Asks: 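Quick one: the structure is below, and I'll ask about it shortly.
Here the structure is a predicted model, which is why all the values come from computation and not from measurement. In this chain, numbering begins with 1 at the start of the sequence shown.
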Amino acid sequence: QVQLVESGGGLVQPGGSLRLSCAAPEIIFNLYVMTWYRQAPGKQRELVATITRTGSTNYADSVKGRFTISRDNAKKMVYLQMNSLKPEDTAVYYCNAGASLWGQGTQVTVSS
């Protein structure tokens, strides 16, 4: 079974930083666009950031200038560097590949 594994979530104060990681099987990593989504309590899941196989990126307006998505082709890892975190960034963050493959999610809580 294909598995994406996220890590790096936690509790952080407003203005702080976290880096999320997503490990993907090699065949998946090499074939698909990789995306981070998030889902806050009572809200729909929303796209946060996307990176293509060639490194092109796209971000939700709400995170532009604060979050950076990147990929390490040698390690088959995708990262989401989150800076200047706000309470409204609190959510479960999910790694996605090719629109249909999902990780289990990692909780990010921004609170003082």
Asks: Pairs in or reaching into residues 49-58: which pass salt bridge (charged side-chain N to carboxylate O under 4.0 Å, His left out), with residues at least two apart or in two chains?
Replies: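 Qualifying pairs: none.
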Asks: Can you tell me how far the OH atom of Y93 sits from the CD atom of Q39, to the nearest 0.5 Å?
Replies: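 Y93 OH to Q39 CD: 12.0 Å, rounded to 0.5 Å.
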Asks: Checking Y32 now: which residues fulfil side-chain contact (heavy atoms from CB on, under 4.5 Å) with it, not counting sequence neighbours?
Replies: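 Checked Y32 against side-chain contact (heavy atoms from CB on, under 4.5 Å); matches are I28, A97, L101.
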Asks: Tell me whether E88 at atom CD has more than 12 heavy atoms from other residues, nucleotides or ligands lying less than 6.0 Å away.
Replies: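 Buried by this count: over 12 neighbours within 6.0 Å.
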Asks: With sequence neighbours excluded, what pairs up with V92 under the side-chain contact (heavy atoms from CB on, under 4.5 Å) test?
Replies: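 Here the qualifying residues are Y94, Q107.
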Asks: Can you name the side-chain contact (heavy atoms from CB on, under 4.5 Å) partners of T54, sequence neighbours left out?
Replies: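 Expected list: T52, S56.
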Asks: Going by the salt bridge (charged side-chain N to carboxylate O under 4.0 Å, His left out) test, which pairs reach into residues 93-112, not counting sequence neighbours?
Replies: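 Every candidate salt bridge (charged side-chain N to carboxylate O under 4.0 Å, His left out) pair involving residues 93-112 fails, so no pair, neighbours aside, qualifies.
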Asks: Other than M77, what residues sit in its cluster of Ile, Leu, Val, Met, Phe, Trp and Tyr side chains whose heavy atoms are under 4.5 Å apart, directly or through others?
Replies: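 The other cluster members (ILVMFWY side chains, heavy atoms under 4.5 Å, direct or chained) are Y79.
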Asks: If you define the side chain from C-beta out and look only at heavy atoms, does anything of T57 sit under 4.5 Å from T50?
Replies: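 They are not in side-chain contact.
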Asks: Once salt bridge (Lys or Arg N to Asp or Glu O under 4.0 Å) is applied, do any residues pair with K64, and if so which ones, sequence neighbours excluded?
Replies: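 Counting only residues at least two positions away or on another chain, K64 forms a salt bridge (Lys or Arg N to Asp or Glu O under 4.0 Å) with D61.
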Asks: Can you name the nearest heavy-atom pair linking T90 to V110, along with the distance?
Replies: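 Closest heavy-atom pair between T90 and V110: OG1-N, 2.9 Å.
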Asks: Does one hydrophobic cluster hold both L4 and L31, with members joined at side-chain heavy-atom distances below 4.5 Å?
Replies: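 Yes; tracing contacts between hydrophobic side chains, which count when under 4.5 Å, links both residues.
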Asks: For a side-chain contact (heavy atoms from CB on, under 4.5 Å) with L80, tell me which candidate from T68, V63, I69 qualifies.
Replies: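 When side-chain contact (heavy atoms from CB on, under 4.5 Å) is applied between L80 and each of T68, V63, I69, only I69 qualifies.
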Asks: Show every side-chain hydrogen bond (donor to acceptor under 3.5 Å, both in side chains) that has at least one partner inside residues 16-28, sequence neighbours left out.
Replies: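 Passing the test, one end in residues 16-28: S17-N83.
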Asks: What pair of heavy atoms forms the shortest contact from V78 to I51, and how long is it?
Replies: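 Scanning both residues completely, I find the closest heavy atoms to be CG1-CG2, 4.3 Å.
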Asks: Ignoring hydrogens, what is the shortest heavy-atom contact between M34 and A24? Give both atom names and the distance.
Replies: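 Answer, listing the atom of M34 first, then A24: CE-CB, 4.1 Å.
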Asks: Between T109 and V12, is there a side-chain heavy-atom distance shorter than 4.5 Å?
Replies: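 Heavy-atom side-chain distance check fails, nothing below 4.5 Å.
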Asks: For residues 30-44, which residue pairs qualify under salt bridge (charged side-chain N to carboxylate O under 4.0 Å, His left out), counting only residues two or more places apart or in two chains?
Replies: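 Found R38-E46, R38-D89.
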Asks: Do any pairs count as a ring-ring contact (aromatic ring centres under 6.0 Å, His included) and have a residue in residues 44-72, sequence neighbours left out, and if so which ones?
Replies: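 Every pair satisfying ring-ring contact (aromatic ring centres under 6.0 Å, His included) with a residue in residues 44-72: there are none.
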Asks: Nearest 0.5 Å, what's the CZ-CG distance between F29 and N73?
Replies: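 Here the interatomic distance stands at 4.5 Å.
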Asks: Does anything in residues 13-48 form a disulfide (SG to SG under 2.5 Å)? List the pairs, not counting sequence neighbours.
Replies: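 Qualifying pairs: C22-C95.
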Asks: Using side-chain contact (heavy atoms from CB on, under 4.5 Å) as the criterion, list what pairs up with N96, not counting sequence neighbours.
Replies: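 Counting only residues at least two positions away or on another chain, N96 forms a side-chain contact (heavy atoms from CB on, under 4.5 Å) with T35, Y37, W102.
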Asks: Taking all non-hydrogen atoms of both residues into account, name the closest pair between P14 and S112 and its distance.
Replies: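 Answer, listing the atom of P14 first, then S112: CD-N, 3.7 Å.
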